[in-house]
Amino acid sequence: MSKEFTTCSKQDLHYLPSDQPVFSCKGCSCVIALQDELCSKGFTGGSGKAFLINSTINTSLGKKEERKLITGTHTCADLLCASCGASLGWKYLKTPTAEQKYKENRFILEQAKIVKENNW
């Protein structure tokens with residue numbers, strides 16, 4: 001059985017400054033997002049606290065599905081580490097109401113599944 005993934009990567013690691021604060025995969029230490037891409041710390045994932053992020057790198061998406069969340073039924077896809085395949089959170093693809101639209105095409109990173117690295 002093969003899995004179909006879509007990459008979310010928009011940046012090449014060769015161009016990331018070494019002093020840039022990042023979020024990394026807890027399992028393999030692969031850089032997942034720049035801390036500058038953080039939108040909100042006020043979210044909750046399946047494992048507890050979570051962050052809303054504008055974009056990610058070195059990630060892939062799982063299958064699109066409807067999920068019943070606290071704020072309604074959203075169309076989401078699992079967010080996976082492209083290096084080790086660990087589940088990191090999800091991507092909001094479509095939201096149920098205009099008030100939730102700001103989440104569309106943004107990502108949830110679950111705090112328990114990532115490491116915050118301050119490279120300064």
Side-chain angles (χ1 to χ4, degrees):
M1 181 175 9
S2 68
K3 292 183 178 180
E4 290 184 32
F5 295 110
T6 304
T7 185
C8 301
S9 300
K10 294 182 182 173
Q11 297 175 330
D12 185 332
L13 282 179
H14 296 100
Y15 299 110
L16 286 179
S18 61
D19 63 343
Q20 192 77 15
V22 297
F23 293 110
S24 299
C25 173
K26 194 171 193 173
C28 70
S29 300
C30 184
V31 175
I32 299 302
L34 298 174
Q35 287 183 30
D36 287 348
E37 294 296 304
L38 179 66
C39 295
S40 174
K41 296 178 183 178
F43 281 75
T44 303
S47 60
K49 291 183 180 182
F51 303 134
L52 184 67
I53 302 283
N54 278 322
S55 68
T56 64
I57 56 176
N58 301 314
T59 57
S60 58
L61 294 177
K63 197 167 130 180
K64 181 170 88 168
E65 63 185 19
E66 298 291 317
R67 293 190 187 165
K68 290 187 180 187
L69 303 172
I70 294 169
T71 54
T73 301
H74 296 68
T75 304
C76 301
D78 284 336
L79 183 66
L80 308 167
C81 175
S83 177
C84 71
S87 174
L88 303 168
W90 63 85
K91 179 179 183 179
Y92 286 106
L93 301 172
K94 187 166 173 46
T95 57
T97 64
E99 294 83 23
Q100 302 295 315
K101 214 136 188 72
Y102 72 96
K103 296 176 186 175
E104 287 184 3
N105 295 310
R106 290 191 172 149
F107 304 86
I108 290 293
L109 289 180
E110 296 189 44
Q111 191 174 355
K113 299 178 179 184
I114 59 172
V115 176
K116 183 178 175 183
E117 297 182 35
N118 295 322
N119 294 333
W120 35 270

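In what follows, every heavy atom counts, from backbone to side chain, and hydrogens, waters and symmetry copies are set aside.
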Check against side chain to side chain donor-acceptor pair (under 3.5 Å), Thr73 and Glu66: CA-CA 6 Å; Thr73 301; Glu66 298 291 317; 5.8 Å; no

Salt bridge (Lys or Arg N to Asp or Glu O under 4.0 Å) between Lys101 and Glu99, intermediate numbers included: CA-CA 6 Å; Lys101 214 136 188 72; Glu99 294 83 23; over 6 Å; no

Taking all non-hydrogen atoms of both residues, which atom of [X] and which atom of [Y] are closest, and how far apart?
| X | Y | answer |
| --- | --- | --- |
| Gly62 | Leu80 | N-CD1, 4.3 Å |
| Thr95 | Gln100 | CG2-O, 3.3 Å |
| Ile57 | Ala33 | CG1-N, 4.2 Å |
| Ala112 | Lys26 | O-CD, 3.2 Å |
| Glu110 | Gly89 | OE2-CA, 4.0 Å |

Note, [X] side chain near [Y] side chain (heavy atom, < 4.5 Å):
| X | Y | value |
| --- | --- | --- |
| Arg106 | Lys91 | no |
| Asp78 | Arg67 | yes |
| Ser83 | Cys25 | no |
| Lys103 | Thr71 | yes |
| His74 | Pro96 | yes |
| Gln35 | Asn118 | yes |
| Ile32 | Thr59 | yes |
| Leu109 | Leu79 | yes |

Worked check of side chain to side chain contact (heavy atoms under 4.5 Å, CB included) between Val31 and Phe23: CA-CA 6 Å; Val31 175; Phe23 293 110; over 6 Å; no

Side-chain (Gln111) to main-chain (Gly48) donor-acceptor, under 3.5 angstrom: no

Test side-chain contact (heavy atoms from CB on, under 4.5 Å) applied to Lys41 - qualifying residues, sequence neighbours left out: Leu38, Phe51

Val115: hydrophobic cluster co-members (side-chain, 4.5 Å): none

Other ILVMFWY residues reachable from Trp90 by side-chain steps of under 4.5 Å: Phe43, Leu52, Leu69, Tyr92, Tyr102, Ile108

Candidate pair Lys64 and Leu93, rule side chain to side chain contact (heavy atoms under 4.5 Å, CB included), full reasoning: CA-CA 8 Å; Lys64 181 170 88 168; Leu93 301 172; 3.6 Å; yes

Trace of the side chain to side chain contact (heavy atoms under 4.5 Å, CB included) decision for Cys84 with Cys30: CA-CA 9 Å; Cys84 71; Cys30 184; over 6 Å; no

